[in-house]
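Reading through the structure tokens given below for one structure.
One-based numbering, in listed order, for ligands and for the atoms of each. Computed from a predicted structure; not experimentally measured.
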Amino acid sequence: MIRILALTVALSLGPAVAWAQDRAAEAAQIFASTCGFCHQDGGRAAGRGPKLAGTDRPDDYLLNRIRVGKEGAMPAFGRAFSEAQLRALVVYIRSLKDDAR
Ligand code: HEC
């Protein structure tokens, strides 16, 4: 019984893990093509926009900035990407290693 249960859990988690990995890869790709122009080195260095690696801002703040942008500074991406993609971008930013610390 336990074995069947473990197998069921493994089979159902597999796709979820693959899905999460796909989201992460997609977020990295979106970042490179859409955000990297201003957030240099994949968000690890400042450019026209600030360095994002190691930011102290809460997730909600980051999500909101990406969603609505900032007039005269950063475009809004709330319509360009789905909710899942926007959240994956925040996860991507959180995953960046901050070498300067
Ligand atoms: C045209 C240049 C430009 C592009 C393109 C751009 N940004 Fe920005 N971004 C900025 C600037 C400038 C700021 C600082 C705005 C402010 O004062 O809050 C900023 C701020 C941010 C912040 C808040 C950082 C913090 O710690 O305050 C996040 C998160 C962010 N950008 C993510 C993204 C993502 C994700 C993308 C791509 C989907 C993106 N940006 C594309 C220029 C840009």
Side-chain angles (χ1 to χ4, degrees):
M1 185 60 196
I2 301 256
R3 259 190 224 164
I4 293 174
L5 202 66
L7 186 67
T8 312
V9 169
L11 286 177
S12 52
L13 274 184
V17 170
W19 185 86
Q21 285 169 345
D22 283 355
R23 287 282 84 73
E26 187 193 13
Q29 226 167 35
I30 289 175
F31 197 95
S33 59
T34 312
C35 323
F37 173 68
C38 293
H39 300 284
Q40 296 281 304
D41 193 15
R44 294 172 192 84
R48 292 170 55 128
K51 166 179 156 184
L52 301 177
T55 175
D56 292 332
R57 306 277 199 190
D59 284 5
D60 281 356
Y61 181 97
L62 303 180
L63 195 59
N64 191 56
R65 172 65 74 242
I66 302 170
R67 208 194 300 274
V68 305
K70 179 157 186 186
E71 201 165 342
M74 175 172 153
F77 293 98
R79 284 161 194 264
F81 302 118
S82 71
E83 194 60 30
Q85 287 171 322
L86 294 172
R87 289 184 182 280
L89 281 166
V90 172
V91 172
Y92 166 83
I93 290 169
R94 289 279 176 232
S95 77
L96 295 173
K97 298 254 185 308
D98 186 2
D99 295 338
R101 281 192 185 186

**Request:** Check ligand 1 against I66 and write out every atom of the ligand that is under 4.0 Å from a heavy-atom position of the residue.
**Result:** 32 (C), 35 (C)

**Fill in**
The protein heavy atom nearest to atom 20 (C) of ligand 1 is M74 SD, 3.6 Å

**Item:** Subset of ligand 1 atoms that lie under 4.0 Å from at least one heavy atom of R48
**Value:** 12 (C)

**Request:** For T34 and F31, indicate whether the former's side chain and the latter's backbone hold a donor-acceptor pair under 3.5 Å.
**Result:** no

**Prompt:** Which heavy atom in Y92 sits nearest to a heavy atom in A27, and how many Å separate them?
**Reply:** CB-CB, 4.1 Å

**Asked** Who's the nearest protein heavy-atom neighbour of atom 14 (C) of ligand 1, and how far?
**Response** P50 CD, 3.5 Å

**Request:** Could you find the nearest protein heavy atom to atom 24 (C) of ligand 1 and give me its residue, atom name and distance?
**Result:** L52 CD2, 3.5 Å

**Request:** For atom 43 (C) of ligand 1, grab the closest protein heavy atom and report residue, atom and distance to one decimal in Å.
**Result:** C38 CB, 3.4 Å

**Request:** Return a yes/no value for T55: is any of its N or O atoms, backbone included, closer than 3.5 angstrom to an N or O of ligand 1?
**Result:** yes

**Request:** Could you find the nearest protein heavy atom to atom 36 (C) of ligand 1 and give me its residue, atom name and distance?
**Result:** C35 SG, 2.7 Å

**Request:** Tell me which protein heavy atom sits closest to atom 41 (C) of ligand 1, plus the residue, atom name and distance to 0.1 Å.
**Result:** F77 CE1, 3.5 Å

**Message:** To the nearest 0.5 Å, what is the distance between CD on E83 and CZ on R67?
**Reply:** 4.5 Å

**Fill in**
among protein heavy atoms, the one nearest atom 17 (O) of ligand 1 is K70 NZ, 3.2 Å

**Request:** Among all protein heavy atoms, pick out the one at the shortest distance from atom 27 (O) of ligand 1; state its residue, atom name and that distance to 0.1 Å.
**Result:** R57 NE, 3.3 Å

**Request:** Mark yes when over 12 heavy atoms from residues, nucleotides or ligands other than I4 sit less than 6.0 Å from its CD1; otherwise mark no.
**Result:** no

**Asked** So is there a nitrogen or oxygen of T34 less than 3.5 Å from a nitrogen or oxygen in ligand 1?
**Response** no

**Prompt:** How long is the gap from CZ on R94 to CG on L89, to the nearest 0.5 Å?
**Reply:** 13.0 Å

**Request:** Answer yes or no: does atom CD of E71 have more than 12 heavy-atom neighbours from other residues, nucleotides or ligands under 6.0 Å?
**Result:** no

**Prompt:** Can Y61 be said to touch ligand 1, with heavy atoms closer than 4.0 Å?
**Reply:** yes

**Request:** Determine, considering heavy atoms only, which of H39, Q85, K51, R65 sits nearest to atom 22 (C) of ligand 1.
**Result:** R65

**Message:** Same cluster or not: M74 versus Y61, using hydrophobic residues (I, L, V, M, F, W, Y) connected whenever any side-chain heavy atoms lie under 4.5 Å apart?
**Reply:** yes

**Request:** Report yes or no: does H39 contribute a side-chain atom to a donor-acceptor pair with the main-chain N or O of P50 at less than 3.5 Å?
**Result:** yes

